[in-house]
Structure formats: structure tokens, C-alpha cells
2 protein chains.
Amino acid sequence: MKSTIKDVAKEANVSIATVSFVINDSKPISEETKNRVLKAIKSLNYHPSKSAVNLVSGKTGNIGFILTDDHFLRTEPFYTTIFLGTEFEARSEGYYILLTSIKTNFDENDILPRFILNKSVDGIIIAGKIPHLLIERISAYNLPTVFIDYIPPSNNYPLVLIDNIQGAQSATNHLIELGHTNIAFIGGDIEHPSLSHRLYGYKQALEKANIPIKNNLIITDAKYPDRQHGFNSAKKLFSKNKNVSAVFACNDAMAIGVLQWLNENGFKVPQDISLVGFDDVDADIMLRPPLTTIRVPKIEMGVEALKLIVNTVKSKKSLPKKVLVPVELIIRESTSLFKPK
Amino acid sequence: MKSTIKDVAKEANVSIATVSFVINDSKPISEETKNRVLKAIKSLNYHPSKSAVNLVSGKTGNIGFILTDDHFLRTEPFYTTIFLGTEFEARSEGYYILLTSIKTNFDENDILPRFILNKSVDGIIIAGKIPHLLIERISAYNLPTVFIDYIPPSNNYPLVLIDNIQGAQSATNHLIELGHTNIAFIGGDIEHPSLSHRLYGYKQALEKANIPIKNNLIITDAKYPDRQHGFNSAKKLFSKNKNVSAVFACNDAMAIGVLQWLNENGFKVPQDISLVGFDDVDADIMLRPPLTTIRVPKIEMGVEALKLIVNTVKSKKSLPKKVLVPVELIIRESTSLFKPK
DNA sequence: AAACTATGGTTAAACGTTTAACGAGTTTTT
DNA sequence: AAAAACTCGTTAAACGTTTAACCATAGTTT
């Protein structure tokens, strides 16, 4: 049967307190007894009861992870990969992750994730753009909260952010260095800070290179940055502009849509059009041609977020620390030297 | 501050036992006191401490969900969608899901998911093909276990399975009804019962229609049924066989790979080749042409699995119940009438 | 009227930990 | 040599529930 701390104490001939001290290394215990206890633990295959530990410590040992439905189910595993990083780090920290998704259009009538209502988490991680109403309602529970890849309206949360400006500059510079001057930007959901930062980085790079910014080369009215909208945006862009030679898409999903439109409409990539994405999702290397992109260290982001939340949970003081994760240009085969027609 | 059952008892002027009885409806309490207690609960925003409940009940209120890394991160959100169904049902049942992934090639040296070692789940759900070594090692903990879309070697677990044979027959029949006779099967990871059942269903349909089964039209040596392998298998199939007019791929991921190869090699779908997939993943409608496929009710599968596990957890007796979820042919634009050249 | 039976409630033990308070030896300081 | 300090332990309270055992009171049988 399941063994308890009492069984271990009896087996090792010590009090249960001593066993606890050994387990948590919370009081000096002689080598000898320590070994006796450890041996007993092993022989009985003893594992402390989480419930009991939680009860007395007042903590749950759980961290909640919140994602909107569409982020959870999107074709490109972006946030799910981040989740995996979190889960991974949680293992070494001894936490469990409670993953839940909320409706993308969370409204007044929707209820909060159960783990918040029941107080069964010590802190929460929120990834991606999330309805502000949700943030407001969660804040009433004042649980330690960390945001990943989103900047909430109230700016005193710990954050894990992508260096989007730097990344967008790298992407744009890469195209500039290849000789392109008519470089389009295809974005969507421009209210997401990450995506508007990418636009900003794009503009900055052009400015620095003394290339005029042309508003007709900037398509940002897509509602959601996915393949379908990338496809539509490409259609829009190329039906109006004949001299575009390069496209920087705000993420790989849109880039894939753009690529598909180009393929279907007789444009060769990269011979006719150079294309750069952002994120470096798995699908990229399967594309024809494999996509040049900006790599975002997704696993690391999840790891950082968990470290942050554990820190604030333990220290009790929520210092609004920001972690800016660096990105990296990955050159594949969707970009090449500009060739005048 | 966080209120406890004591606060409620004091507020309602009853003993804590009475409060407990009201909450759990475990003993008759007069309407009057019941209302007083409920009012107190509401006004204090009281929620029972999970840890305390768990401690005394000996249960954790958690269910573990195990997935291999590649299933978790695959481009087509198949098992993740199933997970969502499980999570959804868990909400109404009051359970939390602990999601974890294990290495696809789990071996001797790998450790089991933490929630098993620490006994912090009441039961586990395992989705997809999983190393037998893992199953063996888990079984030592005899936790209630439910498998989704996989048939473990030892056949006394509750199972949630797809009606693969029926689905494969529908797919194949659809092609037969369109006049095709040279119908290829592209599969992979044929050791997965689901996939071998799909092959079986394909053969059955051909037999019933008195169409000879040709082994050179059956490509099943791919190791993993993903886009890349679908692409390679298509190459293999068409380089040897000139008269194939239709392909049934064992899942949508492979179908997408096949489609890509066809597109790149001058075959028009469905004019030259009709193509049917299996699963009905989101990406299907974005394809050119949109893919005809067999719809698998993923959310429902997750729901069923949670119901099963909760049942066996509660009843304590693990009846090896099998749930076979029905599938449905979805006709889109990747299939059309056979036209002789 | 005495003896049951229901109904609606209370008391207190139990679940498995952590940790404050205490104590017995032993060593160090004065 | 007495006092102080350190080391290594123990005892017992506390965490917030559930639930078996018990107890009034009122109603029902004999």
C-alpha cells in the first residue's frame, strides 16, 4: 500500500519530523540518520503526499497556463511549443501545469478558468494576445501572473517578450542587403504589440537604409495572422503593385499563405519574389522553397516564463521584470539577390 | 483573505460538519439552514480547499494526459484537439488535467511522468501510439488508465477508438463509386493499429467491389505518417505506376504531402488524380483543392475518454469498456469522376 | 406512557505533512 | 567549573476538510 511519512519514520527509527527535515533539507541532521532515513524512503518507495504538503504550505504546487482557443489549435505549433518549454521547466521545479484554453472572444458571460476560481494555482502564465476583459477579471484575484508574447494594458506584470524590433530589422536588412528596395510588409492583427513592433522594425530598417516607406506596400488589415489571411493579403498586394520584389511577412503562417498565392499565380520564389517570415515554425523546412525566417526560441520562452512565475510566487513580491528573448535570422531558400526585370 | 469552512460555519451559525453536508449534499439538512449556509458561502466567496479535500478523500482530483513529443508538436492538431475535448469535459466533472509529453523513443533510462511517481493523479489517459515499455512500467502503479486511438498489447484497458475500418471503407467506396479502379493506398507507421485497420478497410472495400488488390499500389513503408513521408511515398508510388487514378492516404498529413508532390510534378487534382485523406484536420479546407476526407470527431473522443476514466476512477473496478467513435465521409474537391486518358 | 424512529444537527477523529518550541548531550567560552 | 552555545533530535500543534459516532427533539407505535 501507499506508504506515509510515519512508515518511513518507524522503519528508520526516528520521528516523523526528522524524516521531514531530511526530505526538505531544512534542519541539520547527522549523516548517519540521514542515510538511514533515505534508505527507508527508498525501500518503501515513499513519495510525500502532495495534498498534505499543499495543505500545510498553503500552496498548490500548480501553475495555470492560459491560451485562447485559436492559439491552442492553430496549425503552426507556436504557443504549444512554448507550453512544452514551460512544462519541461516545471518538472525540474516540481510544479504541475494546468493548461486551459478560453474562448478567443471571451465576454461578460464567460466564466473564468476553474483553477482561478478555486484557487488551485499559485500563479498563472498567459500566452499571446488575450481579451483585456479577461485580464481585468483575473487581476481581481491578485495571483502572480506572467505574460508571454503580449503586453497587457497595465504595465506592472513580469513579461517574456520576443525581440521583435530587432528581428524585423534583421529580416528587412537581409532583403536590403540582397539589393531589394521595393519590400512589402504583410501583417495582420496589428493591435498585437508583437506584430506592430515587427512593422516598426521593418520601417526602421528601411529608414536607416534611406529607402522611402511606401504605404501601399504595407498590408496590415488582416484580422488574424494566419495562412488564409496571408493568402488574401498577397492577392491584395500584388494586384495593385507590380514592382514588388520582396515580402516580409509578420509571421510564418502568413508567409505560407503568401507563398501559396505566389505559387498559384505564376511567381517563382525566390527568383521573382524574395520572401521572409518570422517565428521559424516546423513547417518552414517542408515548404518549397524552404522559408527564410527569424527564429524565435519558443522552448526557452516557456522556460523563462516558468522561472519568472516561480520567482514571484516564492518571493511574494511581484517585480515587473521583463525578459527579452533574442532572435536569429535563418537564411534558407526563399530569398535571393534582386534581379531587375 | 481566503475564507475557510470555519468562517462559513461561524457566519451561518452552524457547525463545520453542517457546512460540509450542505456542500456535498451528503446528509439531509433543513431548507432553512441550507439556505443560510449557501448565503454565507456566497457572501464570503468561499471555495473548499482542494488540498484539504484531497487529503481526506485520498484522491487528487487530477487526471494525467500523456502524449509523445511528436504527437504533441505535429503540425496537424489532432491529439491536441482531443486533449481539448478532455479538458473541456474535465471542467464539468471537476477534474484538472495534467498534460505531459514523453520522448517518442522512451527507453530504459527515461523516468516516468512525475505525476505518476508522485501519485498526483487518480487516473491517466494515454493518446496515440506509445512505447510498450512505458505501458509496462506504468502498469506497475496500477492506476486506472484509458487509451485513446491505440490498442495496447494487454487488452483489458478501457479504450476510445476510431471506427477506422468503417472510415477506410467509406473513403475507398467513394473512390470506387466515382469509377476508379486503380486506387492506391499510402500509409505509414503500419504497426499502429489505427493505420493497419485503415489498410484493412481499404482492402475490404476493394474485395467487396471485386477489384483486385495490387500490392504495388500499396505503399506502407513510411516510418511516420507525416507530410514529408507522404511526399516521399507519392514519389515512390508514381515513379513506378503510371495508371494510378486515385489515392487514399492513411491520414491527412500524408495526403497533404502527396498533394504537394502531385502539384510539383504536374498532376492536377482531382482531374488527373483523386485524393482522399483521413482525420479532417483544419488545414484541409485551406488546401488547393480542399481535401476530401474522413472526419474524426476529435473533441468527442476526448470527452469520451474523460468520462471513461472518471467512471473507472469512481467505480474502482476497471471494466474494459471500448468506445468506438463513428466517422463520416466529407466530400470536398480533391475527388472527381474517373476519366480514362 | 413507554419505547421506538426520523429528522437535523454537533463533536471529534482522521488524513499526511511542516514547523515552532523544546530538550538532552556535547563542545566551547568565560 | 559554571555558563553559554551548538548539534541533533523529539513532541505536538496546525493546515482545512470529511465522516463516523453521537445527541436532542419531535413524531409515531405499541
Side-chain angles (χ1 to χ4, degrees), chain A residues 1-41 44-62 94-96 117-122 313-314, chain B residues 1-41 44-62 94 96 117-122 314:
Chain A
M1 217 44 276
K2 219 168 166 177
S3 48
T4 75
I5 199 172
K6 272 187 197 165
D7 303 324
V8 176
K10 197 182 287 175
E11 173 86 9
N13 220 355
V14 292
S15 71
I16 62 166
T18 304
V19 177
S20 174
F21 296 143
V22 170
I23 292 170
N24 303 303
D25 207 15
S26 47
K27 259 201 166 182
I29 299 290
S30 74
E31 275 305 306
E32 199 199 319
T33 22
K34 198 180 279 187
N35 285 334
R36 246 186 13 258
V37 170
L38 290 175
K39 208 165 141 191
I41 288 178
L44 293 171
N45 189 27
Y46 166 74
H47 289 276
S49 147
K50 260 234 165 205
S51 322
V53 175
N54 294 160
L55 180 56
V56 55
S57 73
K59 305 258 181 243
T60 68
N62 296 330
Y95 279 87
Y96 288 114
L117 297 173
N118 297 349
K119 319 230 162 99
S120 28
V121 293
D122 300 332
V313 164
K314 283 189 178 157
Chain B
M1 216 47 276
K2 219 168 167 177
S3 48
T4 74
I5 200 171
K6 273 188 197 165
D7 303 324
V8 175
K10 197 182 288 175
E11 174 86 8
N13 220 354
V14 293
S15 72
I16 62 165
T18 304
V19 177
S20 174
F21 296 144
V22 170
I23 293 170
N24 302 303
D25 206 16
S26 47
K27 258 201 168 184
I29 299 290
S30 74
E31 274 306 305
E32 199 198 318
T33 20
K34 197 180 280 185
N35 285 332
R36 250 192 2 263
V37 170
L38 290 175
K39 208 164 140 191
I41 288 178
L44 293 172
N45 189 27
Y46 165 74
H47 288 275
S49 146
K50 262 235 166 203
S51 322
V53 175
N54 293 343
L55 179 57
V56 54
S57 74
K59 304 258 183 243
T60 67
N62 297 330
Y96 289 115
L117 297 174
N118 298 349
K119 319 231 163 98
S120 30
V121 293
D122 301 332
K314 282 188 177 158

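In what follows, chains carry the letters A, B, and so on, assigned in the order in which the sequence lines appear, proteins first and then strands, with residues in each chain numbered from 1. Reckoned from all heavy atoms, side chains included, excluding hydrogens, waters and symmetry mates.
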### Message
Under 4.0 Å, counting only non-hydrogen atoms across every strand here, what does B:Thr33 touch: a base, just sugar-phosphate, or nothing?
### Response
sugar-phosphate

### Task
Send over the distance from B:Glu32 CD to C:dT7 P, rounded to a whole Å.
18 Å

### Task
Counting heavy atoms from C-beta on, name the nucleotide in D:dT17, C:dT18, D:dA20 closest to the side chain of B:Phe21.
D:dA20

### Query
Side chains of B:Ile41 and B:Ile23: closer than 4.5 Å at any heavy-atom pair?
yes

### Summary
By nearest-nucleotide position on DNA chain C, the 5'-leaning member of B:Ser15 and B:Ala52 is B:Ser15

### Query
Could you give the CG-to-P distance, from B:Leu55 to C:dT17, as a whole number of Å?
9 Å

### Query
What is the distance from NZ of B:Lys50 to C1' of D:dT17, rounded to the nearest Å?
13 Å

### Message
Checking side-chain polar atoms at under 3.5 Å, does A:Asn54 have a donor or acceptor matched by the opposite partner on A:Thr60?
### Response
no

## Note on the structure
Side-chain atoms of A:Ile5 come closest, of D:dT19, C:dT17, D:dG9, to C:dT17

### Task
Specify the separation, in whole Å, of atom CG of B:Asp7 and atom C1' of D:dG16.
11 Å

### Message
For C:dG9, does the base pair up with any side-chain atom of B:Lys27 as donor and acceptor (N or O, under 3.5 Å, distance only)?
### Response
yes

### Query
NZ of A:Lys34 versus P of D:dG9: gap in Å, rounded?
10 Å

## Note on the structure
Quick note, B:Ser30 side chain, CB onward, closest among C:dG9, D:dC15, C:dT17 is C:dG9

### Value in whole Å for how far the P atom of D:dT19 lies from CD1 of B:Ile16
13 Å

### Query
Would you say D:dT17 has OP1 or OP2 under 4.0 Å from some side-chain N or O of B:Asn54?
no

### Task
Look only at the side chain of B:Asp122 and the backbone of B:Lys59, and say whether a donor-acceptor pair between them is shorter than 3.5 Å.
no

